[in-house]
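These notes are about the structure you will find just below.
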Amino acid sequence: MQESILTSIKKMLGIEEEYEQFDMDVIIHINTAFSVLQQMGVGPVEGYRINSKEQKWSDFANVSEASLDLVKNYVYMKVKLVFDPPSSSANIETYNKLISEYEWRLYTASEFKMS
């Protein structure tokens, strides 16, 4: 069974799959994270967008399975910080540090792959 991008991010955010009230907001934030990844050279060269729960993580081509786990966490954290930020500044700082580390690792992996 292939995993839906929207459904998995909603699950990590604590939103039930059936609850669709925030789907458009979450989709916009997911697509923003994909735009950043595309600018870093991660994923399809032409970029990637979702518009429903039909798009699967396996559709996000040009990424190794190991890097795909980083991509999933990266997209979740980027969406979390905009959609439902932690109330603690320490938690926000932790998210930002992890996002920066993931960006570095994904960028490095994409540069290594192009060499």
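The shown structure was predicted, so the numbers you read here are calculated from the model rather than taken from an experiment. Values reported hereafter were calculated over all heavy atoms of this structure, with side chains retained and with hydrogens, waters and symmetry mates removed.
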Report the C-alpha separation of I5 and D59 in whole Å, then their side-chain angles, then the decisive distance to 0.1 Å, and conclude whether the side chain to side chain contact (heavy atoms under 4.5 Å, CB included) test is met. CA-CA 9 Å; I5 295 169; D59 299 334; 5.7 Å; no

Only counting residues at least two apart or in another chain, list the ones meeting side chain to side chain donor-acceptor pair (under 3.5 Å) with N91. none

Closer than 4.0 angstrom, basic N to acidic O: yes or no for K97 and E101? no

Residue of the set K11, K53, K72 for which salt bridge (charged side-chain N to carboxylate O under 4.0 Å, His left out) holds with E3: K72

Report yes or no: does Q55 contribute a side-chain atom to a donor-acceptor pair with the main-chain N or O of S4 at less than 3.5 Å? no

Nearest 0.5 Å please: distance from the [atom1] atom of [X] over to the [atom2] atom of [Y].
{"X": "R105", "Y": "S100", "atom1": "CZ", "atom2": "OG", "answer": "12.5 Å"}
{"X": "L98", "Y": "L70", "atom1": "CG", "atom2": "CG", "answer": "10.5 Å"}
{"X": "D25", "Y": "D84", "atom1": "CG", "atom2": "CG", "answer": "12.0 Å"}
{"X": "Y95", "Y": "M77", "atom1": "OH", "atom2": "CE", "answer": "7.5 Å"}
{"X": "I27", "Y": "M24", "atom1": "CD1", "atom2": "CE", "answer": "5.0 Å"}
{"X": "L37", "Y": "T32", "atom1": "CG", "atom2": "OG1", "answer": "11.0 Å"}

Side chain to side chain contact (heavy atoms under 4.5 Å, CB included) with I9: of T7, L13, L6, only one passes, and it is L13

Among E20, Q21, K10, which residue meets the side chain to side chain contact (heavy atoms under 4.5 Å, CB included) test with I15? K10

Which pair of heavy atoms, one from [X] and one from [Y], lies closest together, and at what distance?
{"X": "A109", "Y": "S67", "result": "CB-OG, 4.2 Å"}
{"X": "F60", "Y": "V42", "result": "CZ-O, 3.9 Å"}
{"X": "V79", "Y": "V26", "result": "CG1-CG1, 4.4 Å"}

V82: which other cluster members, linking ILVMFWY side chains closer than 4.5 Å, directly or transitively? none

All pairs passing ring-ring contact (aromatic ring centres under 6.0 Å, His included) where residues 70-93 contributes a residue, at least two apart: F22-F83

Compare all side-chain heavy atoms of [X] with those of [Y] and state whether any distance is below 4.5 angstrom.
{"X": "I92", "Y": "S87", "value": "no"}
{"X": "K78", "Y": "I99", "value": "yes"}
{"X": "V75", "Y": "W57", "value": "yes"}

Please walk me through it: do M40 and V36 pass side chain to side chain contact (heavy atoms under 4.5 Å, CB included)? CA-CA 6 Å; M40 291 172 18; V36 172; 4.1 Å; yes

